[in-house]
There are 2 protein chains.
Amino acid sequence: MPRKRVTLADVARRAGLSTTAASMILNGRPDTRLSKEAHERVHAAAAELGYRPNVAARGLRTAKTLTIGFVSDTVTTTRFAGGLIKGALEAAEEARHVVLVAETGGEPEREAEAIAALLDRQVDGIVFATVRARELFVPALPEGVPAVMLNATSSRFPATVLPDEEPGGRAAVRLLVDAGHFEGIALIGQSDTAERDVFRSRTIARRVAGIRGEMADKGLGFVAEESIWMWEPQHGYDATLDLLRRRTDVRALLCMNDRLAFGAYQAAAELGLRVPDDLSVVSFDDDEVAAYLRPGLTTIGLPHEAMGRRAVELLLGREPAGEELTPMPVVERASIGPPRGR
Amino acid sequence: MPRKRVTLADVARRAGLSTTAASMILNGRPDTRLSKEAHERVHAAAAELGYRPNVAARGLRTAKTLTIGFVSDTVTTTRFAGGLIKGALEAAEEARHVVLVAETGGEPEREAEAIAALLDRQVDGIVFATVRARELFVPALPEGVPAVMLNATSSRFPATVLPDEEPGGRAAVRLLVDAGHFEGIALIGQSDTAERDVFRSRTIARRVAGIRGEMADKGLGFVAEESIWMWEPQHGYDATLDLLRRRTDVRALLCMNDRLAFGAYQAAAELGLRVPDDLSVVSFDDDEVAAYLRPGLTTIGLPHEAMGRRAVELLLGREPAGEELTPMPVVERASIGPPRGR
DNA sequence: TGTCGGCGCTAAAACCTTTTAGCACGACGG
DNA sequence: CCGTCGTGCTAAAAGGTTTTAGCGCCGACA
């Protein structure tokens with residue numbers, strides 16, 4: 001609506017004071033000794049004119065822009081880890097910050113370009129996120145620009161927010177055991193390659209460690225392990241169909257993610273097996289599709305939103321942070337039942 | 001890495017010229033008459049020092065920040081229209097702009113606050129997006145700040161990018177007809193309420209008009225219409241199950257979105273019906289789950305990414321724009337077959 | 001008597017850039 | 001020889017804010 005932005009000088013003029021005085025008053029500087037009356041005049045003038053400080057101009061002087069950068073490979077533009085940005089946006093909003101978003105597709109040149117672009121705009125800090133918890137090679141940032149890794153790791157920046165996968169893995173196993181499954185449990189999606197592959201994901205190794213640890217603690221073993229490289233429904237379908245045809249003693253599936261479980265459901269249906277009567281299923285992520293399935297899929301959720309929040313809290317707070325693990329919620333739906341013969 | 005940012009003054013000093021000269025040369029001002037040699041010295045100095053202009057400072061002078069705002073209800077943080085931001089981000093990157101993202105959850109106060117925050121940062125323009133093509137009540141913006149509506153409409157801003165729903169609706173019907181379906185077609189999800197409800201969606205009405213128009217042109221009618229208010233898988237399941245139990249003459253389903261179709265698949269499976277042998281299905285959106293289903297769901301896609309791109313092109317271009325309709329692609333998978341008795 | 005600090009405020013510098021106005025000098029036309 | 005113009009460049013202003021340094025006066029303290 002307003003033709004022209006109202007500036008601090010306008011406020012000062014109307015209050016009959018200098019811009020300095022207006023600035024001090026509006027910023028509530030504690031050591032100032034301006035009169036009560038001056039305070040009132042300035043505040044009144046600011047209110048009447050609808051004054052809003054020009055953050056860009058302020059940033060020039062103070063080197064603080066109340067703006068943070070969020071750079072990721074594809075967090076914003078794919079649906080798999082959208083919770084990360086959601087949490088980050090919320091936390092930023094609460095802290096009266098605003099976020100500049102850049103996507104790099106995982107390409108180093110685009111990443112470098114994005115970082116430079118953010119720095120040119122004087123961001124107060126940057127969070128680096130990845131969709132599948134990779135190690136990231138982040139270039140050094142100018143002094144005074146903090147960074148935190150979100151669902152990612154970097155040797156350069158110690159501040160890191162990750163899902164707490166080890167207990168998550170244990171919880172999944174426990175869910176099955178608590179329902180009475182002591183045998184006939186198959187693992188879908190684990191692959192030794194993935195376990196070793198740093199590039200794929202830092203966290204999957206921990207998830208697997210948790211799973212194996214809990215199984216060992218209970219004195220149990222898997223009746224089968226299907227190694228799969230890619231974790232889309234198609235792969236889950238293929239592997240599960242193959243498995244269930246080969247062996248009839250499988251009573252429960254521990255899937256490495258919900259999309260695999262999605263495919264597993266399809267394979268089970270194909271063979272006339274009902275979940276959870278004939279086959280129990282548990283998995284990881286709490287992907288949106290987990291709720292679409294019937295019966296609803298019980299899964300160990302990736303706490304993306306909480307992680308996103310935490311990352312910007314860390315970024316904006318001043319405590320020097322290390323690796324922080326966010327607990328994974330177990331979200332119980334209806335895909336686990338007591339074992340039954342078939 | 002660099003301790004301190006290198007400034008234009010540094011470059012000028014090293015080149016032995018004034019900052020004015022350096023500025024002119026680096027910005028390639030055409031009317032200048034600085035010597036060839038000066039050009040070389042300045043460029044050399046800039047390269048050696050790794051100079052990058054401070055966009056914030058420049059913006060102060062030029063009132064251009066190479067930054068645009070993207071404010072939506074929940075486009076970024078839900079998975080339904082993520083393509084919008086993806087396209088916007090890409091187009092912005094190509095134009096060397098960067099985007100400030102804000103989510104309002106559809107709450108007017110948060111929206112007002114978000115707009116103010118963006119304006120405080122001197123954005124060059126704002127795109128307003130919604131996830132379900134609503135009418136939006138956008139407050140006036142200061143003169144010189146353009147806005148475009150993306151998958152949304154506003155009486156205040158004529159520039160609008162929407163999916164071209166009418167032909168989309170027609171295409172869906174044609175897909176069925178071309179496969180030989182002339183009878184036994186049921187419509188899932190249409191509700192007269194929705195058709196009239198401005199708040200729900202501007203575009204759905206056009207989709208329905210396209211569907212009805214094409215049916216009429218072919219001289220066909222629906223064998224049944226299931227009115228549904230909410231379009232989640234659960235609702236599609238319930239409605240379809242009910243419908244298929246009631247009537248045995250249904251051979252094809254035209255679902256208003258992919259999630260309804262998702263539920264329809266489940267209902268069909270429940271009744272032992274195979275897609276597409278016993279039942280053909282076509283729907284709208286090209287949601288990610290459409291590819292997960294087996295057989296793959298044939299659907300009329302929402303061209304979110306193209307729309308997002310277009311919106312920022314419009315915003316950055318100077319052509320005064322009106323309503324722009326982006327064509328909806330038909331993505332053929334395997335859910336449509338010839339009709340067969342059951 | 002001299003110094004110091006408090007008071008209430010402001011001028012000016014600083015942040016970094018772009019833009020405007022103009023300077024000194026030589027060439028050129030008349 | 002005078003005025004004008006072109007050349008190659010620079011000083012200064014402008015953009016909007018915060019911060020630093022200080023002004024002029026008075027009372028208190030040594």
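Computed over heavy atoms, backbone and side chain alike; hydrogens, waters and symmetry mates excluded.
As a whole-Å value, the separation of A/Leu49 CG from D/dG16 C1' is 15 Å. Remark: P of C/dT18 and CG of B/Leu60 are 11 Å apart, rounded to the nearest angstrom. The distance between atom CG of A/Leu8 and atom P of D/dT19, rounded to the nearest whole Å, is 12 Å. Here D/dG16 presents its P atom at 24 Å from NZ of A/Lys64, a figure rounded to the nearest Å. Here C/dT18 presents its P atom at 11 Å from CG of B/Leu66, a figure rounded to the nearest Å. For the pair A/Ile25 CD1 and D/dT17 P, the interatomic distance rounds to 15 Å; values are reported in whole Å. Distance B/Arg121 CZ to D/dT17 C1': 15 Å, rounded to the nearest Å. Atom CG of B/Asn54 and atom P of C/dT18 are 10 Å apart (whole Å).
Taking 4.5 Å as the limit, every side-chain heavy atom of B/Thr76 sits out of range of all side-chain heavy atoms of A/Lys86.
Toward the 5′ end of DNA chain D lies the nearest nucleotide of B/Lys36, the other residue of the pair B/Lys36 and A/Pro53 mapping further downstream. Nearer the 5' end of DNA chain C, as judged by each residue's closest nucleotide, is the contact made by A/Ala21, out of A/Ala21 and B/Ala57.
Between the side chain of A/His39 and the main chain of A/Ser35, a donor-acceptor pair closer than 3.5 Å is present.
A salt bridge links A/Glu313 with A/Arg310: at least one charged nitrogen is closer than 4.0 Å to a carboxylate oxygen. Classification of B/Arg5 and A/Asp120 as a salt-bridged pair holds, one side-chain N sitting under 4.0 Å from a carboxylate O. Taking a cutoff of 4.0 Å between a charged side-chain nitrogen and a carboxylate oxygen, B/Arg79 and B/Glu288 do not qualify as a salt bridge. Between A/Lys36 and A/Glu40 there is no salt bridge, since no side-chain N of the basic residue sits under 4.0 Å from a carboxylate O of the acidic one.
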Please write out each protein N/O paired with an N/O of nucleotides 19-26 of chain C under 3.5 Å, distance rounded to 0.1 Å.
residue : atom : partner : partner atom : Å
C/dT19  : O4'  : B/Arg61 : NH1          : 2.9
C/dT19  : O4   : B/Thr20 : OG1          : 3.1

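Contact record, B/Val75 with B/Ala129: CG2-CB, 4.0 Å, taken as the closest heavy-atom pair.
With axes fitted over five pairs at each extremity, the angle between the ends of the helix from C/dT1-D/dA30 to C/dG30-D/dC1 is 70° (10° resolution).
Residue A/Arg58 has its side chain nearest to D/dT17 when only D/dT17, D/dT10, C/dC15 are considered. Among C/dT17, C/dT10, C/dC9, the nucleotide with an atom closest to any side-chain atom of A/Ala38 is C/dC9.
Neither OP1 nor OP2 of C/dC16 sits under 4.0 Å from any side-chain N or O of B/Tyr51.
In this view, B/Glu94 and B/Arg309 satisfy the salt bridge (Lys or Arg N to Asp or Glu O under 4.0 Å) rule, not counting sequence neighbours.
With no hydrogens or angles considered, no side-chain donor-acceptor pair links A/Asn151 and A/Thr130 at under 3.5 Å.
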